[in-house]
Amino acid sequence: MSAREGIAAATGTEALTTELPVGRSTGWWGMVLVVATEATLFACLLGSYYYLRFQHGSPWPPDGIREPTLLRPLVMTVVLLPSSLPMIWAERGIRHGQRWRLHSGLAATLLLGATFLTLLATEYAETLREFTMTTDAYGSLFYVITGFHGLHVLVGLTMICWLLAASLRGGTFGAYRHDRVRNVAIYWHFVDVVWAAILFTIYLSPRL
């Protein structure tokens, strides 16, 4: 086999849909670095929240702002955290070459994530009547932390939409070509874990 024939065989459609790259892909490392960077940023934001809270002392929230209500955030948690399950199901399904599991799992994750953003919007509709980002430091941190997380959820949903559209168009997804699904799953699980930290910090810790 000539060098040209070897290159054609290695980069052809059949090879791309049947051969698994050796070791971790550059995409995997890129996503891990993105998650690590974003985790550091969220850690700084949450650390700033605790610093200001303990520097201020009681009462917290300050300036007559009521403690955050728990019902809606708990519903948001019930919606978002389990969304990792259909994502795991989708990823494991495509690892076995089951595209129907990929499609249904991504669609379910997309629906749950969109529901979470809708609930977050209704949360803002209420809190903005009481305080804004410019009210005080608490207001700034509340909207920056929750809004930044909401932006991450939106980015994750965009990636999931792209995966779902690409797979429905017959893209090269299969038992040996699932790196893109795995990378998006890593990001989505990260978004879920961060929300758990936000729930404790913003909504639960003022009651402790």
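Side-chain atoms are counted along with the backbone in the values below, which use heavy atoms only and exclude waters and symmetry mates. This structure is a prediction, so every number in the text was calculated from the model and none was measured. In this chain, numbering begins with 1 at the start of the sequence shown.
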Please check if any side-chain donor atom of [X] sits under 3.5 Å from a side-chain acceptor atom of [Y], or the reverse.
X	Y	value
Trp195	Thr77	yes
Ser83	Trp188	yes
Thr146	Tyr124	yes

Minimum heavy-atom distance between [X] and [Y], given as atom pair plus value:
X	Y	result
Leu112	Pro86	CD1-CG, 4.3 Å
Leu120	Gly150	CD2-CA, 3.9 Å
Phe131	Tyr143	O-OH, 2.8 Å
Pro62	Asp136	CG-OD2, 3.7 Å
Met87	Thr109	N-OG1, 3.3 Å

Do other residues, nucleotides or ligands put more than 12 heavy atoms under 6.0 Å from [X] [atom1]?
X	atom1	value
Arg72	CZ	yes
Trp60	CH2	yes
Leu33	CG	yes

Judged by atom type as modelled, is there a donor-acceptor pair below 3.5 Å linking the side chain of [X] to the main-chain atoms of [Y]?
X	Y	answer
Glu130	Arg66	yes
Thr132	Leu128	no
Arg101	Trp89	yes

Distance check, rounded to the nearest 0.5 Å: [X] atom [atom1] versus [Y] atom [atom2]?
X	Y	atom1	atom2	result
Phe42	Phe148	CZ	CZ	5.5 Å
Met76	Leu71	CE	CG	11.5 Å
Ser167	His103	OG	NE2	3.5 Å
Arg95	Arg182	CZ	CZ	6.0 Å
His152	Leu157	NE2	CG	13.0 Å
Gln55	Ser48	CD	OG	12.0 Å

Exercise. Is the distance between the ring centroids of His56 and Tyr138 less than 6.0 Å?
Worked result: no
Close side-chain approach of [X] and [Y], heavy atoms under 4.5 Å:
X	Y	answer
His149	Leu80	yes
Val155	Tyr187	yes
Leu163	Leu102	no
Pro61	Phe142	no

Single-linkage hydrophobic cluster [X]~[Y], side-chain heavy atoms < 4.5 angstrom:
X	Y	result
Tyr49	Ile65	yes
Val153	Val75	yes
Leu41	Leu141	yes
Trp28	Trp162	yes
Val35	Val32	yes

For this session: Would you mind telling me which of Leu111, Leu117, Leu74, Thr115 makes a side chain to side chain contact (heavy atoms under 4.5 Å, CB included) with Val79?
Result: Thr115
Problem set entry | Member of Ile186, Leu106, Val184, Val181 meeting the side chain to side chain contact (heavy atoms under 4.5 Å, CB included) criterion with Glu91 | Val181
For this session: Report the C-alpha distance between Ser140 and Thr134 in whole Å, list the side-chain angles of each, state the deciding distance to 0.1 Å, and finish with yes or no for side chain to side chain contact (heavy atoms under 4.5 Å, CB included).
Result: CA-CA 6 Å; Ser140 298; Thr134 59; over 6 Å; no
Pair up each side-chain donor or acceptor in residues 200-208 with any protein partner under 3.5 Å, not counting sequence neighbours, and list the distances.
unit_1 : atom_1 : unit_2 : atom_2 : d
Thr201 : OG1    : Tyr50  : OH     : 2.9
Thr201 : OG1    : Ala197 : O      : 2.9
Tyr203 : OH     : Glu123 : OE2    : 3.3
Ser205 : OG     : Arg53  : NH1    : 3.3
Ser205 : OG     : Thr201 : O      : 2.4
Arg207 : NH1    : Glu67  : OE1    : 3.3
Arg207 : NH2    : Pro68  : O      : 2.3

